[in-house]
Amino acid sequence: MLPPVPNPAEFGVTSDYGFLSPELPLEVLPDPYYADWEMIIGNLHPLILSKRLQSMVDHLPLLSVIHLRTEAEWRRAYVVLVFILHGYVWSGDSPTERIPPQLTVPLFKVCERLELPPVATYAGVCLWNYKPVFADEPATNLDNLACLQTFTGSLDEQWFYLISVAIEARGAPAIPLMLRAITAARTGNSQIVTECLQRLAETIDETSTLLQRMYENCDPYVFYNRIRPYLAGSKNMSDAGLPNGLLYDDGHTLEYRQYGGGSNAQSSLIQFFDIILGVEHRPTGTSRSDEQSTDGIKSRNSFIHEMRTYMPGPHRRFLEQIDSVANIRPFVEARRGDSALCIAYDACLAMLRVLRDKHITIVSRYIILQSRSARQPSRSTNPTPTAVTNLATATPADKKKLRGTGGTALIPFLKQARDETGEPAIDAWARRLLSNGPADKNFASLSKVGEQPDGHLEVVGLCGTWTADENEGGICHW
């Protein structure tokens, strides 16, 4: 007997908001008991600038979570605490390793309730961190969105988060749409599946258009040097000044822990697209031929699945349920003679691949090229510049392994995930178009500008030429 198709509402997922909060996030905790938290978060930027944040946190009273009642209040408490946490760690000239009980104790309780790790995640900086500018206009329209919290108070930082909020909102209708496709596939209704896939391809294309708007209001220099350091986690951050991670002090014990920072891989929507289309991701550096040489045993990418532990618990369980009922790929593969169905399915893969291609371009402009500029000798006339240690100033021991905010290398994972997106394509021509393998003289594969047929990536810009040849897996965190 087939498992039932899950009901998104049971997991806090809606057709209007998708994985965003179905009710608008709270702008302030209503109970005056939490006034001290709200005072700090309301003045986070000036406290960081004046270097008084750590002193304020150290003198906070240890507040209980017993006055948090609604789900919205628990989420607001999480946003407040993780923004204060990351500001506390990264606002000095070097990172602060020990986290005091005033943050550790309530944060652990809040994270236990929300099933999240005690670190700033995609949910904290994007999903639960927005508000509409005008109440009578759509709350998910990019031009009507504002952030509740930032570290820098800059337009660039708000825009960086809000692009993801808008993408989540635009992709929301695809969730019930593809659940309808799963149901239709169970009854053999090719026409409905085809129609759903056609609309999904359009939706993914629209999310790509939104991603391109990143360039409008988020400057690469500001992002790399001012915003990105605050989003860093504590995993693999030795070069940035945290060789052991963070030391969480709960008043009784001291424990080192390491967590990745916020990542696009923590977006349940993007993982939903992969699951629903049957896109399989292998461990970075392996290929389908590697699986064939090990008796065809398929191994899933551990990083992708690890990122689900950084999602709110209900969202994680929803993806697990979808994984158990996803049937679109085998349905299409069994009907290769249905050209309309196959074309619609291949179009979805093509649009998802383009989305990942645009992501790689953003990584190149906002991180790779900026890192080259950061490593150039300073021409400043200031004779005593302040030495700051963080993710922007860190110089990795192996310069080929530039780290993202989550502590992983940047390019190889993204390139492989992009290439794997086209592998399930049904039509032979589509498979060749979506492949990054060597192309014959009569056929050009679809690849990123500057990328060679063998996968070699070269980015040319004002900072010179950069070549991506890292050999370690990872993902860009944006």
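Quantities reported herein were computed from a predicted structural model and do not represent experimental measurements.
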* Distance (rounded to the nearest 0.5 Å) between Ile204 CD1 and Thr209 OG1 -> 12.0 Å
* Quick one: pull up CD1 in Ile41 and CG in Asp36 and give me the separation to the nearest 0.5 Å. => 13.0 Å
* Selection residues 189-208 - residue pairs positive for side chain to side chain donor-acceptor pair (under 3.5 Å), sequence neighbours left out -> Arg170-Glu206, Gln191-Glu195
* Donor-acceptor contact present, side-chain Tyr366 to main-chain Cys218, <3.5 Å -> yes
* Measure from the ring center of Tyr248 to the ring center of Phe108 and say whether it is less than 6.0 Å. => yes
* Start with the C-alpha gap between Lys415 and Asp357, add the side-chain angles, then the distance that decides, and say whether salt bridge (charged side-chain N to carboxylate O under 4.0 Å, His left out) holds. => CA-CA 8 Å; Lys415 289 178 61 181; Asp357 244 339; over 6 Å; no
* Has the side chain of Asn217 got a donor or acceptor atom that lies under 3.5 Å from a matching backbone atom of Trp159? -> no
* Asked: Under 6.0 Å between ring centres, would you say that holds for Phe19 and His315?
  -> yes
* Within the side chain of Glu38, is there an N or O that forms a donor-acceptor pair under 3.5 Å with the backbone of Leu29? -> yes
* Does atom OH of Tyr221 have more than 12 heavy-atom neighbours, drawn from other residues, nucleotides or ligands, at distances under 6.0 Å? -> no
* To do: For atom NZ of Lys358, decide whether the heavy atoms of other residues, nucleotides or ligands shown that lie under 6.0 angstrom number more than 12.
  => yes
* Any donor and acceptor pair, going by atom type alone, linking the side chain of Asp323 with main-chain N or O of Leu319 inside 3.5 Å? -> no
* Can you tell me if Tyr78 and Arg76 form a side-chain donor-acceptor pair at under 3.5 Å? -> no
* To the nearest 0.5 Å, what is the distance between CD1 (Ile84) and CH2 (Trp37)? -> 8.0 Å
* To do: Given side-chain hydrogen bond (donor to acceptor under 3.5 Å, both in side chains), test Arg257 with Tyr259 step by step and report yes or no.
  => CA-CA 7 Å; Arg257 296 190 183 190; Tyr259 297 102; 2.9 Å; yes
* Are side-chain N/O atoms of Gln321 and Arg316 paired as donor and acceptor at under 3.5 Å? -> no
* To do: Check whether the ring centres of Tyr122 and Tyr310 lie less than 6.0 Å apart, and answer yes or no.
  => no
* Output, in order, the C-alpha distance, side-chain angles, deciding distance and verdict of side chain to side chain contact (heavy atoms under 4.5 Å, CB included) for Tyr215 and Ile163. => CA-CA 10 Å; Tyr215 305 108; Ile163 288 292; over 6 Å; no
* Side chains of Glu168 and Tyr130: do they bring a donor and an acceptor to under 3.5 Å? -> no
* Rounded to the nearest 0.5 Å, what's the gap from CZ on Arg213 to CD1 on Ile167? Could you check? => 11.0 Å
* Expected output: side-chain Thr104 to main-chain Ile99 donor-acceptor under 3.5 Å -> yes
* Side chain Arg329, main chain Gly278, donor-acceptor under 3.5 Å -> yes
* Asked: Is Arg226 salt-bridged to Asp156, cutoff N-O under 4.0 Å?
  -> no
* To do: Show the numbers, then the answer: is there a salt bridge (charged side-chain N to carboxylate O under 4.0 Å, His left out) between Arg353 and Asp419?
  => CA-CA 7 Å; Arg353 189 188 191 281; Asp419 298 341; 3.6 Å; yes
* Using the benzene-type ring in the case of Trp, are the ring centres of Phe83 and Phe151 under 6.0 Å apart? -> yes
* Does Leu68 offer a backbone N or O that forms a donor-acceptor pair with the side chain of Glu73 under 3.5 Å? -> no
* Asked: Does Thr183 use its side chain to pair, donor to acceptor, with the backbone of Leu179 at less than 3.5 Å?
  -> yes
* Return yes if some donor-acceptor pair links the side-chain N/O of His281 with the main-chain N/O of Glu420 below 3.5 Å, else return no. => no
* Check for a donor-acceptor pair, side chain of Asn144 on one end and backbone N or O of Pro132 on the other, with a separation under 3.5 Å. => no
* Would you check if there is a donor-acceptor pair between the side chains of Tyr161 and Glu157 at a distance under 3.5 Å? => yes
